[in-house]
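In listed order, ligands and their atoms are each counted from 1.
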Amino acid sequence: MYYWTNELWRLAYLIVGMGGLGWLIGLPGWGLAAGLALFIAIHIRHLRQLYAWLYQNPHQEPPAGTGVWGDLFDRLYRYQKAQHKAQSRLRDVIRRVQESAEAMRDSVVMLDRRGNLDWWNSAAEHMLGLKSPQDRGQHVTNLLRDPQFITYFEARDYREPLILSSPVRGDLVLQFQLTLFGDDERLILVRDITRLQRLEQMRQDFVANVSHELKTPLTVLVGYLETYSEHAEQLPPRWQRGLQQMQEQTLRMQNLVADLLLLSRLETDHRTRQTAKIELPGLLESIRRDAETLSEGSHTLRIEIEEPRSIAGAEQEIRSAISNLVFNAVRYTAPGSTITLRWHPRRAGAALEVIDDGEGIDAVHIPRLTERFYRVDKGRSTATGGTGLGLAIVKHVLLRHDAHLEIESRLGQGALFRCVFPAARLTQATGDISEESTLIPGSLRRR
Ligand code: ADP
């Protein structure tokens, strides 16, 4: 404000001074015009100085100006200095981030909003074969061409990481995790999980091998025990009881081995390639009949079907998963309970629910129920003949069908197990039954 008043005074002086001078020589109009022209000339001169300063030497000190121009030059200079400082601070931060990303063993790749490569660290060159600087600006799918990566990249659903082998070093197993940030830009983090994968493979192989090796001796034991039990009346009574217990325990061991083998088979491939059309009404009816046999008529079993579509997948696996849930409902609820099997549409898919009105499960156990051998009441599970692997099998079967399990329960208020299938699994299947499941029949017979 102060400078503007000054400027007005300057105009007033010039007009009055030059006007007065013109009046003295008898040309007041010319005097006024000259005053105004001088005022404009002063401003044009400052404007030229400002222009020259901004376009030629913006980092040097501004030219000296008078009145409002002096203030304007000072303010612009201060603003520019602050901007400069902030910029160099920002550059420093970016440099430090890049240095730390550079030192990381994991690959870091930054993509712009179009999916073009913007920046990456040297681990990315080693793991993914990116070349600096020639690959900058290339679309990521031109360089990472694996169809699985392209589908994952384009789906924009990055909740789960993607596991692939390295495009340049086939012996490396890589885990890709994408994150969206800023203006639709993407950050790709790639971890080398070769060692972890090898350990996991060793664990799976070990369990599968041990289970497999146990199968033959167990079959021999079961065979002999069956033969002896046919002549049990010739044995003393206390031996008869022992024989019966041995039969029960070998049956348990057989079930356990069958479930372990089934789990290890389910684990070897994360996604089922079978796309047979599974008609739910028939399948649910057959499971209901099996459950009624297990319950010996002491439970009420109901089926509610609101979803007309069928599932594309491996029928044996889906049957095994649903049977596990229904048989659990029979085994863990008191006689007289009602069990409902409900197949109904849901937002973006459909769900199969197994609902019972039994004792329910305390909330603390729910997150751990699908872990192997996790039991709420160990004594009770063993008594009911459970292996502790049932819900782990359900979880794996559903994963292989792009589905997931949700569990809702409260103590004393029954339990609800919901298998949620995505819409993609509900489209009409091709009916290719040639790859029918090769799961272990023993395990399915029991459950
Ligand atoms: P198990 O072979 O012991 O049944 P599961 O993995 O099938 O193993 O089940 C894990 C545990 O979850 C069971 O031990 C049981 O305690 C609990 N559970 C499963 N289904 C139900 C149910 N419908 N009601 C109450 N508890 C259940």
Give the C-alpha distance, both sets of side-chain angles, the deciding distance and a yes or no for side-chain hydrogen bond (donor to acceptor under 3.5 Å, both in side chains) between Asn255 and Thr387.
CA-CA 7 Å; Asn255 287 337; Thr387 58; over 6 Å; no
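- The shortest heavy-atom distance from Ala329 to ligand 1 is under 4.0 Å.
- Geometrically, ligand 1 and Gly360 share no nitrogen or oxygen pair separated by less than 3.5 Å.
- A distance below 6.0 Å separates the ring centres of Tyr51 and Tyr55.
- Ion pairing between a basic and an acidic side chain is recognised when a charged N comes within 4.0 Å of a carboxylate O; Glu213 and Lys215 show no such pairing.
- Contact analysis puts Arg331 in contact with ligand 1, with a non-hydrogen atom separation below 4.0 angstrom.
- Among Glu406, Glu408, Arg342, the single residue meeting the side-chain contact (heavy atoms from CB on, under 4.5 Å) criterion with Leu416 is Glu408.
- Near Arg375, with a cut-off below 4.0 Å to any heavy atom, the atoms of ligand 1 are 3 (O), 14 (O).
- Residue contact check: Gly390 has heavy atoms under 4.0 Å from atoms 5 (P), 6 (O), 7 (O) of ligand 1.
- Of the heavy atoms in Asp356, only side-chain atoms (C-beta onward) come closer than 4.0 Å to ligand 1.
- In this structure, of Tyr332, Phe373, Tyr374, the residue bringing a heavy atom nearest to atom 3 (O) of ligand 1 is Tyr332.
- Although no hydrogens or angles enter the test, the distance criterion places no donor-acceptor pair under 3.5 Å between the side chain of Glu285 and the main chain of Leu280.
- With a 4.0 Å cut-off on non-hydrogen atoms, Ile361 touches ligand 1 through its side chain and not its backbone.
- We find that Arg159 and Asp157 are joined by a salt bridge, their nearest charged nitrogen and carboxylate oxygen being less than 4.0 Å apart.
- Heavy-atom proximity to Thr387, at under 4.0 Å, picks out these atoms of ligand 1: 2 (O).
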Does the salt bridge (Lys or Arg N to Asp or Glu O under 4.0 Å) test come out yes or no for Arg368 and Glu371, once each step is laid out?
CA-CA 6 Å; Arg368 300 196 57 192; Glu371 284 175 23; 2.9 Å; yes
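- At a heavy-atom cutoff of 4.0 Å, ligand 1 is contacted by the side chain of Phe417 but not by its backbone.
- The cationic atom of Arg136 (NZ for Lys, CZ for Arg) lies less than 6.0 Å from the six-membered ring centre of Trp120 and within 45° of the ring axis.
- Atom 8 (O) of ligand 1 has its nearest heavy-atom neighbour, among Ala415, Gly388, Gly358, in Gly388.
- Residue Leu369 approaches ligand 1 through these ligand atoms, each under 4.0 Å from one of its heavy atoms: 11 (C), 12 (O).
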